[in-house]
Asks: 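The following block contains the structure, expressed as structure tokens.
Predicted model, so just to flag it, every value in this text is computed and none were measured. To find a chain, count down the sequence lines: A is the first, B the second, and so on, and within it residues start at 1. Side-chain atoms are counted along with the backbone in the values below, which use heavy atoms only and exclude waters and symmetry mates.
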Protein chains: 2
Amino acid sequence: MADVAAEAHVSVKTVSRVVNREPGVRPDTEARVRAVIERIGFSRNGGGHALLTRTQTIGLVIEDLANPFYSQLGAAVEREARIRRYQLITASAEGSPTRQRGILKGLVARRVDGIVIVPADDVPATDPALVATGTPVVYVDRPVRGEAADIIVSDNAGGVRSAVEHLVAHGHRRIGFLGDLPDYWTARRRREAFVDILASLDLPGEPRVAMGPHTDDSLATVLAGWCRGRDPVTAVITGNNRVTLTVLHALRRADLRLALVGYDDFEFADLVDPPVTVVHQDPGALGQKAAQQLFGRLLGDESPPHTVVMPTRLIVRSSGRVPATAPAGAPPAGPRSPRRT
Amino acid sequence: MADVAAEAHVSVKTVSRVVNREPGVRPDTEARVRAVIERIGFSRNGGGHALLTRTQTIGLVIEDLANPFYSQLGAAVEREARIRRYQLITASAEGSPTRQRGILKGLVARRVDGIVIVPADDVPATDPALVATGTPVVYVDRPVRGEAADIIVSDNAGGVRSAVEHLVAHGHRRIGFLGDLPDYWTARRRREAFVDILASLDLPGEPRVAMGPHTDDSLATVLAGWCRGRDPVTAVITGNNRVTLTVLHALRRADLRLALVGYDDFEFADLVDPPVTVVHQDPGALGQKAAQQLFGRLLGDESPPHTVVMPTRLIVRSSGRVPATAPAGAPPAGPRSPRRT
DNA sequence: TTGAAAGCGCTACCAA
DNA sequence: TTGGTAGCGCTTTCAA
């Protein structure tokens with residue numbers, strides 16, 4: 001900025017005014033300054049600026065960027081940030097609370113203006129490091145214990161309920177639940193909801209539940225077990241997109257055909273055979289809502305913290321339909337239709 | 001830092017030394033300072049630090065965080081960054097060169113130490129705004145025109161070749177190519193490779209090529225057309241993961257059964273019926289390589305810029321196999337096995 | 001082993 | 001309409 005000032009024969013303050021579009025600069029002065037800026041390719045150092053004002057940066061702490069659920073959530077947060085000329089620092093904790101704390105420390109050190117976080121189990125709302133700085137934080141996908149906080153979660157109990165009710169309506173009485181690691185709050189929450197709902201529906205027998213970690217093999221064993229003996233399981237509900245993927249492999253491996261409702265929608269759900277009915281929670285909506293809430297705080301919204309529960313939606317696929325690939329009566333036309341290779 | 005200094009009865013400089021683990025501080029002094037830091041919850045303001053040194057931040061500019069290809073690439077870059085205690089600013093250009101330029105300006109203003117970017121078509125290696133700052137840039141997934149630069153791309157021609165050869169080996173003679181928008185360099189590159197390879201193999205007739213934008217409907221029409229008349233297409237190759245998804249829908253809609261090789265692997269490729277053979281390019285490896293190259297530059301690597309071409313791998317699924325869901329001779333056992341609902 | 005002072009690039013405040 | 005000065009939080013240099 002000093003360089004620009006010297007070249008344009010004005011003071012630093014005037015350059016600052018031009019850069020920040022502050023009023024009170026004569027048009028010809030402004031033009032001269034802008035010309036110099038253009039010529040020497042000046043760009044304001046955000047660091048110096050941030051020292052006096054805001055960093056115009058928010059942090060996003062998620063579990064794993066490579067998981068479509070989180071990347072969609074992240075894309076939404078990023079879009080909200082870009083609209084407001086904010087930049088987004090993304091970091092994945094990959095299931096480690098320690099790493100999550102490290103990430104938070106880093107974000108605080110960067111003096112981000114706000115944080116959207118998928119909190120690990122042991123990050124309380126009153127994390128001293130955060131509270132001290134007064135950085136606004138919005139928790140998403142999972143709540144935090146302790147003080148009131150801005151929380152955006154999806155309706156886990158409702159989602160599980162819609163899955164169970166759908167299956168029951170189709171005549172299933174023995175339904176199993178396959179959850180992810182009980183380390184995850186959402187996994188526990190959905191398991192709990194499952195058990196409660198089964199109880200309220202007066203279905204016979206003990207609920208069958210298996211939590212992660214699952215592998216294709218381990219699940220195949222579990223499922224085979226559930227299908228043996230008297231009153232075998234006829235349908236399963238998964239706890240999230242990762243489990244759904246594993247279950248589909250396991251079903252194939254064990255050569256089982258069970259009714260399935262997956263938690264989380266996925267792009268190829270209608271292309272799998274048979275198509276997979278899912279509980280859809282919109283990660284984009286979750287992220288957008290969280291970002292909007294955060295920017296609200298940054299704009300001075302001082303209303304009491306509140307929790308938003310986003311609805312889930314059951315997407316029914318293939319209900320009763322016979323899979324298109326195995327037409328009951330009509331063999332594929334033609335002498336030998338080419339197969340995908 | 002001044003606060004800490006006052007509380008600990010030392011100078012600011014001494015606190016700085018402790019924070020940065022510089023030698024030459026008496027153990028008891030250090031202990032005293034650390035105690036105060038702990039007590040008042042001090043954390044160094046990265047902004048002030050960055051003014052004198054580096055920001056310890058890199059930027060990642062991609063097309064769309066919600067696309068699994070880019071989110072996996074991003075996850076890899078992020079991991080490399082985290083290992084080095086760097087933070088990552090992510091931004092999606094969403095196909096707009098203008099937006100990409102805006103993003104770059106923002107990153108330069110933030111004084112990121114380096115940038116990994118999936119360049120839009122008209123961002124030359126000699127982008128003045130970038131070159132002026134001397135910020136190291138690594139281009140990934142697509143090259144840039146102009147001066148030599150660090151570029152990590154995957155072996156697009158090789159990938160397409162492996163797809164074509166695979167199909168030809170299975171007896172296909174009429175193969176179509178379905179590419180994404182020709183605005184994308186990768187889309188053009190793969191089309192070009194496709195045409196070249198067909199020519200080199202002496203396959204009969206003009207190559208059938210259709211570039212995006214595609215919808216389920218438009219593709220269904222295109223494919224139906226290709227399958228009519230004398231010498232119909234018997235196999236298609238897609239240009240990327242998005243096209244693959246659309247093609248699968250279109251095939252279903254038009255009730256066609258064509259051999260298919262998809263560009264880009266996807267999680268459910270083996271669960272679709274029939275399973276989808278794909279050209280796998282490892283987005284994580286691409287991102288990791290790019291990040292490593294970038295950090296090499298940050299560590300002072302002054303070797304001439306170079307281009308790395310990452311190999312692709314053909315993942316054959318279901319070759320010749322009859323889909324498990326339509327067993328030729330044996331109808332499903334049991335009176336009526338439960339279906340997924 | 002410790003500290004004082006200057007300055008990184010910018011904005012806030014007040015004066016001209 | 002314009003500019004000077006102080007200071008944001010930190011590191012660097014040099015002196016004690």
Asks: Tell me what A:Arg44 touches on the nucleic acid: a base, only sugar-phosphate, or nothing, going by heavy atoms under 4.0 Å.
Replies: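 Counting heavy atoms under 4.0 Å across all strands, the contact made by A:Arg44 is with sugar-phosphate only.
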
Asks: Excluding sequence neighbours, so at least two apart, what forms side chain to side chain contact (heavy atoms under 4.5 Å, CB included) with A:Ala109?
Replies: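 Here the qualifying residues are B:Ser43.
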
Asks: Which of residues 19-35 of chain A have a heavy atom under 4.0 Å from DNA chain D?
Replies: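 The answer is A:Gly24, A:Val25, A:Arg26, A:Thr29.
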
Asks: Rounded to 10°, tell me the angle between the two end axes of the helix from C:dT1-D:dA16 to C:dA16-D:dT1, each built from five pairs.
Replies: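 Terminal axis comparison yields 30°.
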
Asks: Side chain to side chain contact (heavy atoms under 4.5 Å, CB included) with B:Ser11: which residues, sequence neighbours excluded?
Replies: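 Side chain to side chain contact (heavy atoms under 4.5 Å, CB included) list for B:Ser11, sorted by chain: B:Lys13, B:Thr14.
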
Asks: Sort and list the pairs that fulfil salt bridge (Lys or Arg N to Asp or Glu O under 4.0 Å) and have at least one residue in residues 57-80 of chain B, not counting sequence neighbours.
Replies: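 Output for this query lists A:Glu94-B:Arg79, B:Glu63-B:Arg142, B:Glu78-B:Arg82, B:Glu80-B:Arg84.
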
Asks: Rounded to the nearest angstrom, tell me the gap between atom CG in A:Asn45 and atom P in D:dG9.
Replies: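 The answer, rounded to whole Å, is 16 Å.
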
Asks: State whether the distance check finds a donor on one side and an acceptor on the other, under 3.5 Å, for side chain A:Arg17 versus base D:dG3.
Replies: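 It does, because a donor-acceptor pair links the side chain of A:Arg17 to the base of D:dG3 below 3.5 Å.
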
Asks: For a salt bridge (charged side-chain N to carboxylate O under 4.0 Å, His left out) check, start with the C-alpha distance between A:Arg34 and A:Glu30, then their side-chain angles and the critical distance, and finish with the verdict.
Replies: CA-CA 6 Å; A:Arg34 286 210 183 284; A:Glu30 170 167 353; 3.1 Å; yes

Asks: Whole angstrom is fine here: how far is it from NZ in A:Lys13 over to C1' in D:dT1?
Replies: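 One finds 13 Å between C1' of D:dT1 and NZ of A:Lys13, rounded.
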
Asks: Please report, rounded to the nearest Å, how far the P atom of D:dG9 is from the NE2 atom of A:His49.
Replies: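 Going from NE2 in A:His49 over to P in D:dG9 covers 15 Å.
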
Asks: Apply side chain to side chain donor-acceptor pair (under 3.5 Å) to A:Ser303 and list each qualifying residue two or more places apart in sequence or on a separate chain.
Replies: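 With sequence neighbours excluded, A:Ser303 shows a side chain to side chain donor-acceptor pair (under 3.5 Å) to A:Asp301, given in chain and number order.
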
Asks: Sequence neighbours left out, what passes ring-ring contact (aromatic ring centres under 6.0 Å, His included) with A:Phe69? Give chain and number order.
Replies: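 For A:Phe69 there are no ring-ring contact (aromatic ring centres under 6.0 Å, His included) partners, ignoring immediate neighbours.
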
Asks: Taking only N and O in the side chain of A:Ser11, is any of them less than 4.0 Å away from OP1 or OP2 of D:dT2?
Replies: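 For D:dT2, OP1/OP2 do not have a side-chain N/O of A:Ser11 under 4.0 Å.
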
Asks: May I have the distance from A:Leu51 (atom CG) to C:dC8 (atom C1'), rounded to whole angstrom?
Replies: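 Rounded to the whole Å, the gap is 9 Å.
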
Asks: Report yes if a side-chain nitrogen or oxygen of A:Thr53 is closer than 4.0 Å to either non-bridging phosphate oxygen (OP1 or OP2) of C:dT11; otherwise report no.
Replies: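 Looking at the OP1 and OP2 atoms of C:dT11, neither is under 4.0 Å from any side-chain N or O of A:Thr53.
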
Asks: Between atom CZ in A:Arg54 and atom C1' in C:dT11, what is the gap in whole Å?
Replies: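 After rounding, the reported distance stands at 16 Å.
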
Asks: Are the side chains of B:Tyr70 and B:Asp141 in contact, using a 4.5 Å heavy-atom criterion?
Replies: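 When only atoms from C-beta onward are counted, B:Tyr70 and B:Asp141 do touch, with a gap below 4.5 Å.
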
Asks: Tell me, please, which residues at least two apart from A:Tyr184 pass ring-ring contact (aromatic ring centres under 6.0 Å, His included).
Replies: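 Expected list: none.
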
Asks: Among all residues two or more places apart in sequence or in another chain, which pass the ring-ring contact (aromatic ring centres under 6.0 Å, His included) test with B:Tyr86?
Replies: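 Partners of B:Tyr86 by the ring-ring contact (aromatic ring centres under 6.0 Å, His included) criterion, ordered by chain and then number, come out as B:Phe295.
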
Asks: Pick the closest DNA chain C nucleotide for B:Val12 and for B:Gly48 by heavy atoms, then say which residue is nearer the 5' end.
Replies: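 Residue closer to the 5' terminus by nearest nucleotide: B:Val12.
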
Asks: When the distance from CZ of A:Phe42 to C1' of C:dG9 is rounded to whole Å, what number comes out?
Replies: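 Going from A:Phe42 (CZ) to C:dG9 (C1'), I get 8 Å.
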
Asks: Can you measure B:Leu52 atom CG to C:dA6 atom C1' for me and round it to whole angstrom units?
Replies: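 After rounding, the gap between these two atoms is 11 Å.
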
Asks: When the nearest nucleotide of DNA chain D is assigned to A:Val10 and to B:Gly46 on a heavy-atom basis, which residue is associated with the more 5' position?
Replies: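 Result: A:Val10.
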
Asks: Under 4.0 Å between a side-chain N or O of A:Thr14 and OP1 or OP2 of D:dT2?
Replies: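 Answer is no, no contact under 4.0 Å.
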
